[in-house]
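Some notes on the structure that comes next.
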Amino acid sequence: MNVLIFGSGQLARMMYLAGCPLGVYISAVDVNKEQVVNPVSKARRTISIKQAIEDADAITVEFEHVPEHLLQLAHQSGKLKPGIEAILAGADRVREKRLLEKLNIPNCPHQIIQDIEQIAPAMNQLGDQLILKASRDGYDGYGQWRLTNRADLVKLEDDLSQLDLTSVPLIAEKMLKFDRELSLVGTRSQDGSYVFYPLVENRHHQGQLHLTIAPATNISDALTQQAQDAFKKLGDELGYVGVLAVEFFQIGDKLLVNEIAPRVHNSGHWSMQGADTCQFENHIRAVCDLPIGQTDNYKITGMINIIGLGQFSSTMLAIPGSHLHWYGKEPRAKRKLGHFNLTAETYQQLGKRLSSLTEYLPEEDFPLLVPAAKELQIF
Ligand code: ATP
Ligand code: MG
């Protein structure tokens with residue numbers, strides 16, 4: 001089988017690696033250069049995008065911000081999974097919020113801003129502390145502005161004055177005081193059946209995911225049910241095929257959807273070691289219409305993103321249960337360069353192993369490790 005992925009970064013790379021043992025051959029489209037490449041070596045393949053589309057049995061994406069003309073080409077082939085509607089909902093926060101509202105899925109109180117003058121009234125409605133998010137092309141906290149008091153409004157209006165808010169509106173969201181962030185990654189098959197990974201906890205620093213704890217601690221059946229219900233409503237509405245990730249804010253025993261990602265997701269990377277079948281393999285299985293692999297016999301796993309750090313030693317591989325996934329990218333500030341997965345039998349053991357990891361890694365680049373290690377050891 002041949003699968004073509006739009007986008008040629010680390011997610012395409014990990015899907016390629018997961019596809020190999022299945023005998024699924026994967027090519028990727030570098031959407032900036034508009035070239036077909038091998039997603040591991042990045043070597044250019046001497047075929048056109050149109051030819052690669054023709055050759056593919058299934059087409060998918062590694063991220064939602066695929067340029068419109070390329071996405072249309074993929075859509076017109078009739079092979080795109082998930083479908084264009086799901087990808088556009090993930091790419092455009094206005095569409096995403098409309099979808100959540102239509103399906104009555106609880107989400108963050110928000111207003112759509114199409115003119116700078118609408119920010120002050122939004123503050124009256126939502127409160128003085130807001131997060132403004134560009135409706136398109138945002139990821140890893142980019143394209144976001146935080147407003148923590150009214151006095152900063154004038155400066156913010158000035159910063160935003162260059163933006164064309166009529167064509168790319170902002171979403172003003174109430175800044176929530178949530179207990180923690182969770183996400184649900186799962187797969188919907190072509191026959192409409194679902195397979196879920198457990199809910200995981202995601203810890204962010206400066207708007208970027210740094211650490212995932214899988215499964216999240218203290219999850220009631222009711223919470224899992226809420227998350228799966230929201231997921232299924234979205235999956236059924238979109239006729240979804242493949243892996244989908246839904247990010248939540250937990251407030252008490254309620255979940256509010258933050259956003260959806262119509263693809264494999266950073267908060268599912270733990271599954272490469274922690275689950276019987278990882279998210280990358282399950283996505284490939286789903287788009288190729290193969291049976292989905294088991295996800296319920298998992299190990300307790302910590303996933304630690306390596307962000308912006310140019311140099312480190314691989315000696316931490318001596319820690320039992322540790323695995324390194326290095327993406328082979330040029331180091332740059334705030335860039336995700338790789339991740340560690342640390343598996344364990346218990347949360348206490350995971351805490352100890354995270355604590356060992358801190359001995360190898362600078363605290364300034366991995367600020368959430370020490371607190372998580374302490375917390376899990378006393379859990
Ligand atoms: P990513 O690509 O990493 O998922 P993103 O750029 O798409 O990020 P969001 O997920 O919307 O952006 O926001 C990034 C992080 O900022 C969230 O995970 C959360 O920690 C924080 N955040 C976002 N919205 C809110 C909110 N309304 N209230 C409080 N914190 C928020
Ligand atoms: Mg997010």
Side-chain angles (χ1 to χ4, degrees), residues 7 9-11 61-66 87-97 99-100 105-113 119 122-123 125-149 168-185 199-213 216 227 230 234 243-252 254-270 279 303-308 334-337 339 367-368 371-372:
Q10 68 261 24
L11 301 179
V61 299
E62 74 151 4
F63 72 149
E64 47 280 21
H65 306 295
V66 175
I87 296 165
L88 291 174
D92 183 339
R93 293 188 195 273
V94 174
R95 278 177 182 259
E96 183 181 49
K97 296 288 191 209
L99 178 66
L100 293 168
I105 297 174
N107 62 91
C108 184
H110 64 271
Q111 302 262 309
I112 296 168
I113 307 288
I119 300 178
M123 284 181 113
Q125 278 235 312
L126 301 169
D128 284 3
Q129 303 209 330
L130 296 182
I131 300 193
L132 291 138
K133 301 180 179 178
S135 56
R136 295 186 64 87
D137 293 330
Y139 67 98
D140 281 351
Y142 295 109
Q144 296 194 5
W145 299 264
R146 287 171 187 236
L147 197 58
T148 45
N149 63 67
V168 184
L170 296 171
I171 304 285
E173 284 184 7
K174 183 183 178 67
M175 182 121 50
L176 293 174
K177 291 195 176 56
F178 47 78
D179 299 320
R180 57 180 177 169
E181 291 186 67
L182 302 172
S183 63
L184 182 65
V185 174
L199 274 171
V200 301
E201 178 179 348
N202 300 313
R203 298 195 181 177
H204 291 77
H205 177 66
Q206 296 174 345
Q208 261 186 314
L209 179 66
H210 271 237
L211 174 69
T212 296
I213 298 165
L234 287 160
V243 164
L244 169 73
V246 183
E247 298 179 10
F248 298 96
F249 298 128
Q250 182 183 357
I251 303 177
K254 291 274 169 291
L255 293 179
L256 298 183
V257 170
N258 170 28
E259 60 172 356
I260 63 171
R263 54 174 165 80
V264 290
H265 191 249
N266 197 171
S267 71
H269 289 7
W270 68 275
Q279 63 163 349
M303 189 290 304
I304 302 99
N305 272 336
I306 304 167
I307 298 173
K334 295 205 83 182
R335 198 169 200 204
K336 287 178 185 165
L337 301 175
H339 70 271
L368 305 187

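Start at 1 and go down the list; that is how both ligands and their atoms are numbered.
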| E247 atom (N/O/S) at minimal separation from the Mg ion (ligand 2) | OE1
| request: Check whether any side-chain N or O of E62 sits under 3.5 Å from a backbone N or O of G9 as a donor-acceptor pair, and report yes or no. | output: yes
| query | Does the N305 side chain pair with the main chain of I307, one donor and one acceptor, at a distance under 3.5 Å? | reply | no
| field | Residues K97, E173; criterion side-chain contact (heavy atoms from CB on, under 4.5 Å); working and verdict | value | CA-CA 11 Å; K97 296 288 191 209; E173 284 184 7; 2.7 Å; yes
| note | Distance filter under 4.0 Å, heavy atoms only, around ligand 1 gives R93, C108, I131, K133, Y139, D140, G141, Q144, R146, E173, K174, M175, L176, F178, E181, H204, G207, E247, F249, N258, E259
| request: Under the ring-ring contact (aromatic ring centres under 6.0 Å, His included) rule, collect the residues that match up with F63, sequence neighbours excluded. | output: none
| task | Among the N/O/S atoms of E259, select the one at the shortest distance from the Mg ion (ligand 2) and name it. | result | OE2
| query | Between V257 and E96, is any pair of side-chain heavy atoms under 4.5 Å apart? | reply | no
| request: Compare all side-chain heavy atoms of P109 with those of L176 and state whether any distance is below 4.5 angstrom. | output: yes
| query | Can any side-chain N or O of K133 pair as donor or acceptor with the backbone N or O of I171 at less than 3.5 Å? | reply | no
